[in-house]
Protein chains: 2
Amino acid sequence: MENKLYLTPKQEKVLNFIRKRVGERLPPTIREIGEELGFKSTGTVRDYLRILMQKGLVRRMNNKSRAIELTERASFNKIPIIGTIMAGKPNLAYEEIQGYVDSDDLFLGRLGFDDVFALRVKGDSMVDAGILDGDIAIIKKRPDACNNDIVAALLDNNEVTLKRLRSKSGKFHLEAANANYPPIFEEFKVIGKLITVIRKY
Amino acid sequence: MENKLYLTPKQEKVLNFIRKRVGERLPPTIREIGEELGFKSTGTVRDYLRILMQKGLVRRMNNKSRAIELTERASFNKIPIIGTIMAGKPNLAYEEIQGYVDSDDLFLGRLGFDDVFALRVKGDSMVDAGILDGDIAIIKKRPDACNNDIVAALLDNNEVTLKRLRSKSGKFHLEAANANYPPIFEEFKVIGKLITVIRKY
DNA sequence: TGACATGCCACACAAATGTGTGGTATATTC
DNA sequence: GAATATACCACACATTTGTGTGGCATGTCA
């Protein structure tokens, strides 16, 4: 499975419109796509759909109205659960995806695939914040993380950890929510901010 | 809004088929419903849809293919957030529903409307179990709740509370997960078992 | 008995929707 | 220049799909 996936701006607009409509519970017709995107011919839209099918983002059924389905790869409603994050890579590596969490409006708001990911929590360093081993943490990338926010941070050893961000005399460090763990003053990079926790029994 | 809602068996079958198809991401056409249910006339299906619309379970758009939408009341994917549960009522009173949580397969499995509901957690009596004030607790009704399970229980004063179920010398009682709260030995009824916790920041 | 609701079907028709062929213009590559 | 890809449009046509009218049983209620 290739990870890199080039979409022209127009192709992306078509895909996003389909995503939007699917999210609203009724996939669009070919003509509805054309109207939205300003295409005057149904043939044009069909060309785009063919491209999106070839790129593995969309599935269709013949002769059925609105029968456009997003593949897992293209769906807004599935956000990846990733294990470790490779250092230096701005984008998540697909190999690290352990599975998918099916999100939905009410849980996450409508956030793009690119902005959100999930982490399975390991260890008990955040128990005092009500975050337990095995919980799923939904993280919003590159946010306005500020003092006292719980963040996912990338440490020097390429490990990702969930900790509380603290600032002391102008300098940031990380704090666990468990007296057994000392604060972390070493180098780190904030990846994103915790927005949701999900725990299944 | 009436709470009681009588559906004939056939009406229910039609509704359930629509639910199934909507869950599979593409609402059915009139003819597809007819085929599935054995109706040979599109007129028959339209009659049923008209009934379901009148009962407030379904919305439609004119002249649009597959434009059948389930109302909140009929949707499988919305499970109610309830406040208090009226004592003695086997079914949840609609008046007590404070809102809806949008569930989905991956979070809950495909469970019927009747089997699952959600509670917003109040207070800090379960903090040591990682359940905080304001969390949403997803509860499965009438399960095989057993020792050490966290359950939603109905107390004598008609309050619902989330506690850990304990048995001691053959008798059950409830325990908080917070040293500041004493165990509860008074009369109670287990309503359901905690299966998921969701917290939004 | 008459009036009415329920529960179906047949069928014609119109509107929406997908399919297919062929075309134009522009840019890139060899 | 020729070949190829991108990015569209115009239509005609077939199929799917929704709409509407009318009809026929069966049962209930007064």
Side-chain angles (χ1 to χ4, degrees), chain A residues 2 4-71 74, chain B residues 2 4-71 74:
Chain A
E2 355 63 302
K4 201 57 188 178
L5 186 57
Y6 178 70
L7 289 183
T8 67
K10 291 256 185 169
Q11 287 167 10
E12 193 153 355
K13 274 187 184 174
V14 172
L15 181 61
N16 282 336
F17 179 63
I18 296 170
R19 280 170 164 156
K20 183 181 160 224
R21 282 304 190 79
V22 168
E24 290 166 6
R25 236 102 203 136
L26 197 62
T29 64
I30 287 182
R31 280 168 182 83
E32 283 171 357
I33 296 173
E35 265 176 55
E36 174 75 13
L37 279 291
F39 298 132
K40 286 174 185 154
S41 167
T42 55
T44 305
V45 179
R46 274 161 59 81
D47 289 344
Y48 277 100
L49 289 181
R50 203 172 298 123
I51 291 169
L52 292 177
M53 281 177 70
Q54 281 165 3
K55 299 199 176 176
L57 296 166
V58 148
R59 269 188 296 273
R60 297 187 66 205
M61 283 162 68
N62 289 341
N63 291 315
K64 290 287 165 196
S65 68
R66 303 176 188 278
I68 303 174
E69 198 186 351
L70 294 171
T71 63
Chain B
E2 2 48 315
K4 200 57 190 178
L5 186 57
Y6 178 69
L7 289 183
T8 67
K10 291 256 184 167
Q11 288 167 11
E12 194 152 355
K13 274 187 185 171
V14 172
L15 181 61
N16 281 335
F17 179 63
I18 296 170
R19 279 170 165 156
K20 182 182 160 223
R21 282 302 190 79
V22 168
E24 289 166 7
R25 234 106 203 133
L26 197 63
T29 63
I30 287 183
R31 281 170 182 82
E32 284 171 355
I33 297 173
E35 265 176 54
E36 173 75 15
L37 279 290
F39 298 129
K40 286 175 187 153
S41 166
T42 55
T44 305
V45 178
R46 275 161 59 79
D47 289 344
Y48 276 100
L49 289 181
R50 203 173 296 124
I51 292 170
L52 291 177
M53 281 177 70
Q54 283 164 1
K55 297 198 176 178
L57 296 166
V58 148
R59 269 187 296 274
R60 297 188 65 206
M61 282 161 68
N62 290 341
N63 292 315
K64 290 286 165 196
S65 68
R66 304 178 188 276
I68 303 175
E69 198 187 351
L70 293 171
T71 63

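These values consider heavy atoms only, across backbone and side chains, with no hydrogens, waters or symmetry-generated copies. Convention: sequence-line order gives letters A, B, ...; per-chain numbering from 1.
For the pair A:Ser65 and D:dT17, the criterion of a side-chain N or O lying under 4.0 Å from OP1 or OP2 is met. Note on A:Arg60: a side-chain N or O is less than 4.0 Å away from OP1 or OP2 of C:dT19. A:Arg46 has no side-chain polar atom (N or O) that falls below the 4.0 Å cut-off from OP1 or OP2 of C:dG18. The side chain of A:Lys64 places an N or O atom within less than 4.0 Å of a non-bridging phosphate oxygen (OP1 or OP2) of D:dT17. Phosphate proximity of C:dT17 to A:Arg66: present, with a side-chain N or O under 4.0 Å from OP1 or OP2. Proximity of A:Thr42 to the phosphate of C:dG18: no side-chain N or O atom is located under 4.0 Å from OP1 or OP2. Regarding contacts with the backbone of D:dT19, a side-chain N or O of B:Asn62 is found under 4.0 angstrom from either OP1 or OP2.
The base of C:dG18 sits with one of its N or O atoms less than 3.5 Å from a complementary donor or acceptor on the side chain of A:Arg31. In this model, no side-chain donor or acceptor of B:Thr8 finds a partner on the base of C:dT6 within 3.5 Å.
Heavy-atom nearest nucleotides on DNA chain C were determined for A:Arg50 and for A:Thr29, and the one closer to the 5' end corresponds to A:Thr29. Mapping A:Glu32 and A:Gly43 onto DNA chain C via the closest heavy atom, the residue that lands nearer the 5' end is A:Glu32.
A heavy-atom distance below 4.0 Å to DNA chain D is reached by these residues of residues 34-41 of chain A, ordered by number: A:Gly38, A:Phe39, A:Lys40, A:Ser41.
Counting heavy atoms from C-beta on, the side chains of B:Arg66 and A:Ser65 come closer than 4.5 Å.
Residue A:Tyr48 has its side chain nearest to D:dA7 when only D:dA7, D:dT19, C:dC9 are considered. Minimum atom distance to the side chain of B:Ile30 is reached by D:dG18, of the listed D:dC8, D:dG18, D:dT17.
Under 4.0 Å is where a charged nitrogen must lie from a carboxylate oxygen, and between A:Arg21 and A:Glu36 no such pair does.
The distance between atom CG of B:Leu49 and atom P of C:dG7, rounded to the nearest whole Å, is 14 Å.
Taking every heavy atom of both residues into account, B:Arg59 and B:Leu70 meet most closely at NH2-O, 4.0 Å.
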